[in-house]
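As structure tokens, the structure follows; a few thoughts come after it.
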Amino acid sequence: MISEKMKGLVNNNSVIRQMFEEGRNMAAKFGEENVYDFSLGNPNVPAPDKVRDTAIDLLKNEDPLVLHGYMSNAGYPDVRRKVADSINKKHGTSFNEENIMMTVGAAAGLNCALKALINPGDEVLTFAPYFVEYKNYVANYDGVLNTVATDHETFQPDLKAFEEAVNDKTRAVIINSPNNPTGVIYSEETIKSIADILYRKQKDLGTEIFIISDEPYRELVYTDAVVPYVTKYYNNTVVCYSFSKTLSLPGERIGYLVIPDEAADHEDLFTAVTIANRVLGCVNAPSLFQKVVAECLDSKADVDFYAKNRNEIYNALVSYGFKCVKPEGAFYLFIETPVSDKEFVEEAKKEHILVVPGTSFALPGFVRLAYCVSYETIVNSLPGFKRLAEHYGLS
Ligand code: PLP
């Protein structure tokens with residue numbers, strides 16, 4: 001009885017979610033502490049105290065009719081102003097509230113941007129491996145997601161392949177840095193090159209091509225690497241930000257879109273994303289958490305916690321003979337598998353280790369490990385990883 005479009009999704013339900021359920025079942029059987037579930041990017045660091053304190057203060061003191069009421073589909077103007085000011089302070093931009101729409105997390109932000117931009121049959125490019133939902137989001141608007149390769153030694157985009165892939169149907173390019181699933185950051189050089197290619201292509205093809213910069217991990221960086229602010233390099237940019245990971249609030253569903261004045265038809269585009277927010281059924285981002293994040297724009301979850309996990313797991317796995325790029329940001333490792341990724345995932349389960357096959361990110365031959373877990377989980381999982389390495393003769 002369900003729609004043809006949903007049949008495809010039902011038959012191909014998210015491997016990551018299935019893995020998560022499997023983790024729950026294994027934990028019930030073997031005990032929570034004996035299962036090493038690296039499948040889901042669910043932060044294991046509590047939100048900063050300021051989040052709770054601000055929420056309590058707002059609930060106690062703010063007029064409930066304002067705090068829980070409808071507002072403009074784009075969000076509270078004062079919140080959008082504070083978000084714009086904070087971006088300007090951090091990145092030297094000059095946005096105001098007319099450039100900011102509050103969203104129901106990055107997932108809804110991406111959907112609003114794509115709904116506003118994509119005609120049926122339009123192509124969207126992204127670099128593989130990529131966040132598994134992009135394909136579904138693009139398909140929501142009858143667009144087609146095409147992938148461009150990355151260099152598997154560095155996971156930086158293959159710019160020559162990118163240039164060749166852009167054509168007259170290309171409407172948008174989704175980039176994600178720091179990246180899920182690889183943890184790499186795109187350098188200023190890379191962003192400049194992507195922008196140069198797109199400026200050239202727009203001119204040659206006579207089209208407008210947008211970069212949608214998906215940035216839920218912008219604040220989770222472990223080195224001195226700088227994450228370039230893409231609007232400074234390319235006019236037709238929509239930034240999609242989320243507080244899910246930065247403030248450890250994935251369940252609260254809060255983020256924002258930035259539509260710069262320099263983007264083509266930016267006023268129509270801004271109106272289009274706000275209407276998309278409404279007609280997709282979000283209506284507006286959660287009211288309480290708009291107000292909370294507006295007071296917590298300088299806070300972030302304990303990045304040192306993830307940095308410690310990153311060092312422990314990366315150093316151990318490499319010493320056992322596994323091959324992976326050292327991540328600079330986000331909280332994922334993308335590990336090359338000595339056998340097919342599916343086979344490796346099954347073998348890892350025998351050690352009660354849950355990782356996600358690279359096939360789910362359009363790159364077989366790798367697995368993704370989300371290290372946003374407790375430090376104990378990391379340490380206790382290491383003997384299992386060592387046995388896996390020995391099993392495959394890596395060490
Ligand atoms: N984009 C990427 C790359 C992600 O990894 C995620 C979540 O894991 C999202 C978007 C969705 O984030 P949100 O919880 O803000 O919807």
Side-chain angles (χ1 to χ4, degrees), residues 2-9 12 73-74 98-101 103-128 130-148 157 161-176 194-215 230-231 233-241 255-283 362:
I2 60 172
S3 70
E4 291 305 316
K5 225 173 177 176
M6 285 309 294
K7 266 185 200 159
L9 288 179
N12 197 12
N73 296 128
E98 301 302 327
N99 301 112
I100 310 293
M101 178 178 88
T103 63
V104 182
L110 289 165
N111 272 278
C112 290
L114 290 166
K115 185 164 178 67
L117 289 170
I118 302 300
N119 288 306
D122 279 353
E123 292 184 9
V124 177
L125 290 175
T126 199
F127 298 100
Y130 64 88
F131 175 53
V132 58
E133 298 287 24
Y134 292 160
K135 195 168 183 178
N136 298 327
Y137 297 165
V138 171
N140 283 343
Y141 313 103
D142 297 320
V144 179
L145 184 76
N146 287 333
T147 56
V148 176
F162 176 57
E163 179 142 23
E164 281 161 13
V166 179
N167 65 61
D168 58 353
K169 282 190 172 345
T170 309
R171 187 74 170 123
V173 181
I174 304 178
I175 61 173
N176 169 225
I194 291 173
D196 284 349
I197 290 169
L198 290 180
Y199 276 130
R200 241 187 350 261
K201 286 286 183 176
Q202 284 191 142
K203 198 155 165 255
D204 291 351
L205 299 166
T207 56
E208 302 283 352
I209 306 170
F210 277 78
I211 291 181
I212 301 175
S213 183
D214 181 25
E215 309 190 345
V230 183
T231 61
Y233 301 87
Y234 190 66
N235 291 351
N236 282 340
T237 296
V238 176
V239 176
C240 179
Y241 185 86
Y256 59 79
L257 284 183
V258 182
I259 310 280
D261 288 347
E262 292 74 21
D265 292 335
H266 74 273
E267 281 178 22
D268 278 355
L269 180 56
F270 192 82
T271 309
V273 292
T274 56
I275 293 173
N277 206 22
R278 193 184 84 221
V279 301
L280 288 174
C282 303
V283 182

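Sequence positions, counted from 1, serve as the residue numbers for this chain.
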Yes or no on side-chain contact (heavy atoms from CB on, under 4.5 Å) for E98 and D261, after CA distance, side-chain angles and deciding distance?
CA-CA 9 Å; E98 301 302 327; D261 288 347; 5.8 Å; no
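- When all heavy atoms of V230 and S213 are compared, the closest pair comes out as CG2-OG, 3.6 Å.
- When the options I100, I211, T231 are evaluated for a side-chain contact (heavy atoms from CB on, under 4.5 Å) with V239, the one that passes is T231.
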Report task. Could you go through the side-chain contact (heavy atoms from CB on, under 4.5 Å) check for T147 and Y130 one step at a time? Result -> CA-CA 9 Å; T147 56; Y130 64 88; 3.2 Å; yes
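- With sequence neighbours left out, N277 forms a side-chain contact (heavy atoms from CB on, under 4.5 Å) with M101, C112, C282.
- The distance from the CD1 atom of I197 to the CD1 atom of I209 is 10.5 Å, given to the nearest 0.5 Å.
- Using a 4.5 Å cut-off on side-chain heavy atoms (C-beta onward), V273 and I259 make contact.
- A heavy-atom distance below 4.5 Å is found between the side chains of I175 and F127.
- Across all their heavy atoms, P157 and I194 have their closest contact at CG-CD1, 4.4 Å.
- Inter-residue side-chain proximity for Q202 and E208 is flagged as met; some heavy-atom pair is nearer than 4.5 Å.
- No option in D122, N119, N111 other than N111 meets the side-chain hydrogen bond (donor to acceptor under 3.5 Å, both in side chains) test with Y141.
- When all heavy atoms of L269 and V238 are compared, the pair lying nearest together is CD2-CG2, 4.2 Å.
- Between F131 and Y134, the gap from one ring centroid to the other is short of 6.0 Å.
- For G109 against T103, the heavy-atom pair with the smallest separation is CA-CG2, 3.8 Å.
- Aromatic pair F210/Y234: ring centres not closer than 6.0 Å.
- No side-chain heavy atom of K115 sits less than 4.5 Å from a side-chain heavy atom of L110.
- Using a 4.5 Å heavy-atom threshold, the side chains of Y241 and V258 count as separate.
- Contact annotation: the side chain of V124 never approaches that of Y137 to less than 4.5 Å [non-hydrogen atoms, C-beta and beyond].
- Of all the heavy atoms in R278 and N73, the pair that sits closest is CD-OD1, 3.6 Å.
- Results of the side-chain contact (heavy atoms from CB on, under 4.5 Å) test with V166 over D204, L198, N146, V148 single out L198 as the only residue that passes.
- With a 4.5 Å cut-off on side-chain heavy atoms, E163 and K201 count as touching.
- Nearest heavy-atom pair across V144 and G121 is CG2-O, 4.5 Å.
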**Item:** Derivation of the side-chain contact (heavy atoms from CB on, under 4.5 Å) call for N140 and L114
**Value:** CA-CA 9 Å; N140 283 343; L114 290 166; over 6 Å; no
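- Summarising the local packing, CG of D265 is surrounded by 12 or fewer heavy atoms from other residues, nucleotides or ligands at distances under 6.0 Å.
- Note that CG of N99 is 7.0 Å distant from NE2 of H266, once rounded to the nearest 0.5 Å.
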Trace of the side-chain contact (heavy atoms from CB on, under 4.5 Å) decision for D142 with K5:
CA-CA 10 Å; D142 297 320; K5 225 173 177 176; 3.0 Å; yes
